[in-house]
Visitor: 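Dropping the structure in here first, questions after.
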Amino acid sequence: MKDLPPQKRKALVQCLLVWYDKSRRRLPWRPLPGQSVDPYRVWLSEIMLQQTTVAAVGPYFQSFVKRWPTMNALAAAPVDEIMSAWSGLGYYSRARNLHACAKRVAAEYGGSLPNDEAELKSLPGIGSYTAAAIAAIAFGKQAAPVDGNIERVLARLFAVREKLPAAKPLLKNLAEALAPQARSGDFAQAMMDLGATICTPKSPTCESCPWIRSCAARKSGLERALPARSTKKKRPLRRGTAFVVISGGSEILLRRRPPKGLLGGMHETPMSAWEANFPSDPLCLAPTKSKYRMIEGLVHHTFTHFDLELQVFVSNVNSRQRGSIEGEWAPINDLAHFALPSVMRKIIEHALNPAKA
DNA sequence: GAGTCGTGGCC
DNA sequence: TGGCCAAGACT
C-alpha cells in the first residue's frame with residue numbers, strides 16, 4: 001500500500017463519517033450534542049482507557065470528574081488520594097503519571113493542556129497514541145492515533161498480512177495517509193467505534209460495516225485471520241504466602257509497596273516473595289510472632305505475564321502486641337479508601353470470608 | 001525489539 | 001476451563 005489515491009481516501013473518510021454520525025455511541029467522556037469538548041476529560045478518559053475496557057472505565061471516569069473537575073483540582077490533590085481512587089483499575093503507574101502530568105500542566109501551562117502533538121507526547125503517561133488522540137479529539141488537529149482497534153480495522157481494510165507488532169509502522173503510515181484535516185477526531189473515534197462494535201477480533205459483522213465494499217481482507221476471506229500476531233509465551237506460575245493480621249477484630253495490617261515496579265506505591269498485606277514454590281517455612285516470614293491459622297483454599301490471580309497462587313494465614317492480635325508492629329492499620333470498614341490492588345482485596349476477602357472463596 | 005505492567009469479561 | 005483481548009507507556 002504505497003499510495004492512497006486522493007479520490008479513494010476521500011471516499012473512505014466520507015463513508016465512515018456518515019456511519020459515525022448515524023451510529024455514534026454515547027460514552028461518559030463524549031460531550032452531549034451542543035456541548036463543547038473539554039480537553040481535560042479527553043485526556044483523563046484516554047489515560048484510563050489505555051489497555052482497559054470501556055465498561056471498566058465508566059464508573060472510574062465519573063467518580064474522577066466529579067471529585068476533580070479540572071486539571072488544577074487534580075494537580076492539587078494528594079497523590080495517595082488519586083492512587084486509592086484508581087484502586088482496582090490496574091496499571092497503577094498510570095495513576096502516578098496522571099498526577100505528575102496534571103502538576104506539570106498546572107505549573108507550565110496554567111492548567112490547560114497544550115494542543116501540540118509533540119508537546120503532549122513529552123508529558124508523563126502520554127505516548128504516541130494518546131498524544132495523537134488528544135490532538136485530534138480535543139483540539140481538532142490532523143493527527144492519526146493508532147490503537148488496537150484501529151490496527152485491526154486498517155489491517156483488514158488494506159489486507160496487511162505482516163504480523164503484529166512488526167506491522168505497527170506500516171499501519172501507522174496507513175492511518176496517517178487516511179487521516180483527514182477536517183473532523184480528524186471524529187474520524188479516529190469512528191475507526192475505534194467500528195473496531196469495537198463491528199470489526200471485532202473474533203467474529204466481525206461485516207454485513208453491517210460501512211467499509212464492506214472497500215475491505216481487502218473481506219474480498220480475500222481473510223477478515224477473521226487478520227491481523228496476524230506473533231505467538232505469545234504462556235504465563236509461568238508463581239506462589240507465595242500472604243499474612244492477614246487483624247487487630248481487635250476491626251483493623252488489618254497493611255504495608256506500602258515500593259514506589260516502582262509491580263503494583264508500585266500501592267498498599268499490600270504482608271507477604272512472602274512470589275516464586276516457583278510456596279515458601280518452605282512460611283511462618284518464619286510472618287510480620288508478627290503471634291499464632292496463625294491457615295485458611296483453606298488458595299487465592300488465584302492473573303497478572304499480564306504470570307499467574308499467582310497464594311496461601312493465606314490469619315492472625316488476631318491484641319492492642320498490647322500491636323504497638324511494636326511495623327505498618328499501617330486499616331479499618332476493615334474503611335478499606336475502600338485505601339490504595340489496594342484487586343489481588344490484595346481478594347486476599348482480605350478470602351481471610352475474612354473463606355466460605356465464598 | 002522484547003519485557004514489564006492489572007484486571008475482568010468473553011467464548 | 002484457559003487463552004485472548006481491551007482507546008499503550010515506558011525501559
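The shown structure was predicted, so the numbers you read here are calculated from the model rather than taken from an experiment. Each chain gets a letter, A, B and so on, in the order the sequences are listed, and its residues count up from 1.
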Visitor: Classify the nucleic acid contact of Trp29(A) as base, sugar-phosphate or nothing, counting any heavy atom under 4.0 Å across all strands shown.
Guide: base
Visitor: Starting from C1' on dG8(C), measure out to CH2 on Trp43(A) and report it in whole angstrom.
Guide: 16 Å
Visitor: Could you pick out which residue, Arg25(A) or Pro124(A), lies toward the 5' side of DNA chain C when each is mapped onto its nearest nucleotide?
Guide: Arg25(A)
Visitor: Using a 4.0 Å heavy-atom cut-off, does Arg41(A) contact any base of the nucleic acid, only the sugar-phosphate backbone, or nothing at all?
Guide: nothing
Visitor: In whole Å, what is the span from the NE2 atom of His305(A) to the P atom of dG3(C)?
Guide: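 About 17 Å, once rounded to whole Å.
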Visitor: What does Leu98(A) touch in the nucleic acid at a heavy-atom separation under 4.0 angstrom: a base, only the sugar-phosphate, or nothing?
Guide: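 No contact.
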Visitor: To the nearest 0.5 angstrom, please state how far the CD atom of Glu162(A) sits from the OG atom of Ser230(A).
Guide: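 That separation rounds to 10.5 Å.
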Visitor: Which part of the nucleic acid, if any, lies within contact of Ile150(A), taking any heavy atom under 4.0 Å across all strands shown: a base, the sugar-phosphate backbone alone, or nothing?
Guide: nothing
Visitor: Relative to the 5' end of DNA chain B, which residue comes earlier, Phe306(A) or Ser230(A), by the nucleotide with the nearest heavy atom?
Guide: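 Closest to the 5' end, via its nearest nucleotide, is Ser230(A).
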Visitor: Arg94(A) and Thr52(A): side chain to side chain donor-acceptor pair (under 3.5 Å), yes or no, with the steps?
Guide: CA-CA 11 Å; Arg94(A) 289 185 297 171; Thr52(A) 308; 3.1 Å; yes
Visitor: Can you tell whether the side chains of Asp193(A) and Arg30(A) come within less than 4.0 Å, N to carboxylate O?
Guide: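 The answer is yes: the pair qualifies as a salt bridge.
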Visitor: Hey, is the side chain of Arg229(A) poking within less than 4.0 Å of OP1 or OP2 on dC4(C), counting only N and O atoms?
Guide: no
Visitor: Expressed as a whole number of angstroms, how long is the span from Asn97(A):CG to dC5(B):P?
Guide: 14 Å
Visitor: Arg235(A) CZ to dG3(C) C1': how many Å, rounded?
Guide: 7 Å
Visitor: Measure centre to centre between the rings of His301(A) and Phe303(A), then say whether the value is under 6.0 Å.
Guide: yes
Visitor: May I have the list of side-chain donor-acceptor pairs in residues 233-242 of chain A shorter than 3.5 Å, sequence neighbours left out?
Guide:
| from | atom 1 | to | atom 2 | distance (Å) |
| --- | --- | --- | --- | --- |
| Arg235(A) | NE | Asp307(A) | OD1 | 3.4 |
| Arg239(A) | NE | Ala276(A) | O | 3.3 |
| Arg239(A) | NH1 | Glu309(A) | OE1 | 3.0 |
| Thr241(A) | OG1 | Gln311(A) | OE1 | 2.9 |

Visitor: Just the rounded figure in Å: distance from P of dA6(C) to CD of Glu46(A).
Guide: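 After rounding, the gap between these two atoms is 15 Å.
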Visitor: For nucleotides dT11(C) and dG6(B), find the distance between their P atoms and express it as a whole number of Å.
Guide: 14 Å
Visitor: Can you tell me the distance, in whole Å, between the CZ atom of Arg257(A) and the P atom of dT4(B)?
Guide: 15 Å
Visitor: Please encode protein proximity along nucleotides 6-11 of chain B as a string of B, S and -, counting only heavy-atom distances under 4.0 Å.
Guide: BBS---
Visitor: For DNA chain C, whose closest nucleotide is more 5', that of Pro201(A) or that of Lys260(A)?
Guide: Pro201(A)
Visitor: Got a salt bridge between Arg156(A) and Glu223(A), using NZ or NE/NH1/NH2 to carboxylate O under 4.0 Å?
Guide: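 Salt bridge flag = no for Glu223(A) with Arg156(A).
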Visitor: Is Leu283(A) isolated, or which residues cluster with it under the ILVMFWY side-chain rule of less than 4.5 Å, directly or via members?
Guide: Phe243(A), Val245(A), Leu253(A), Leu285(A), Tyr292(A), Met294(A), Phe313(A), Val317(A), Ile325(A), Trp329(A)
Visitor: Can you tell me how far P of dC4(C) sits from CG of Leu164(A), to the nearest Å?
Guide: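 Value for this atom pair: 14 Å.
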Visitor: Would you tell me if any nitrogen or oxygen in the side chain of Lys233(A) comes within less than 4.0 Å of OP1 or OP2 on dG3(B)?
Guide: yes
Visitor: With the threshold set at 4.0 Å, does a side-chain nitrogen-carboxylate oxygen contact exist between Glu151(A) and Lys168(A)?
Guide: yes
Visitor: Starting at CD of Glu151(A) and ending at P of dG8(C), how long is that distance when rounded to a whole Å?
Guide: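 Going from CD in Glu151(A) over to P in dG8(C) covers 9 Å.
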Visitor: Between Thr130(A) and dA9(C), is there a contact of a side-chain N or O with OP1 or OP2 at under 4.0 Å?
Guide: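 Yes, Thr130(A) has a side-chain N/O under 4.0 Å of OP1/OP2 on dA9(C).
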Visitor: Would you classify Arg152(A) as touching base, sugar-phosphate or nothing, given that sugar-phosphate means primed atoms plus P, OP1 and OP2, and contacts are heavy atoms under 4.0 Å?
Guide: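 Sugar-phosphate, backbone atoms only, no base.
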